[in-house]
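Just below is one structure, and these are the notes that go with it.
Quick caveat, the model's predicted, so the values are computed rather than measured.
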Amino acid sequence: MVSLFKMPLGDAVLTAVLGYAVVFLGLLFLMLVISAMGKLMSKKKPVPAAQPLPEERQATAPGSAGELKLYDTDPKDAAMIMAIVADSLGKPLNELRFISIKEVRDE
């Protein structure tokens, strides 16, 4: 009895290589299409530079409340904490007064 699935080694290698090549070329084509679409979609219009405010309008924000003391806290972390508190309370940051921020560590 003859098996229908028997293939010489050379034909099997050629079929495998051609299969890999087709998949690779398909992926390459897909990558090029996605890259081209990304470039088309990301074209942004230039934004004009902001004009500085006149001198009389460059005063401090109303409601600013003096110095803030930081104890073992990075200024970036303190700014993030203040923004989170202001957002949670639903108030503008300049209406809140922070006296000090201290990092508490569990030891």
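Note: L32 CG to M37 CE = 13.5 Å, rounded to the nearest 0.5 Å. Here the CG-CG distance, from D72 to D77, works out to 12.0 Å after rounding to the nearest 0.5 Å. Rounded to the nearest 0.5 angstrom, I34 CD1 and L30 CG are separated by 4.0 Å.
Applying the side chain to side chain contact (heavy atoms under 4.5 Å, CB included) criterion to A86, with sequence neighbours excluded, gives L93, L96. By the side chain to side chain contact (heavy atoms under 4.5 Å, CB included) test, I84 pairs with M80, S88, sequence neighbours left out.
Considering only heavy atoms from C-beta on, I81 stays 4.5 Å or farther from F98 through its side chain.
There is no path of hydrophobic side-chain contacts, each under 4.5 Å, that joins M7 to V13. The hydrophobic cluster containing L25 does not contain V33, counting ILVMFWY residues as joined when their side-chain heavy atoms lie under 4.5 angstrom apart, directly or transitively.
No donor-acceptor pair under 3.5 Å is formed between the side chain of S35 and the backbone N or O of M31.
Across A78 and L70, no two heavy atoms sit closer than the pair CB-CD2, 3.5 Å. The two residues T73 and E103 have their closest heavy-atom pair at OG1-N, 3.3 Å.
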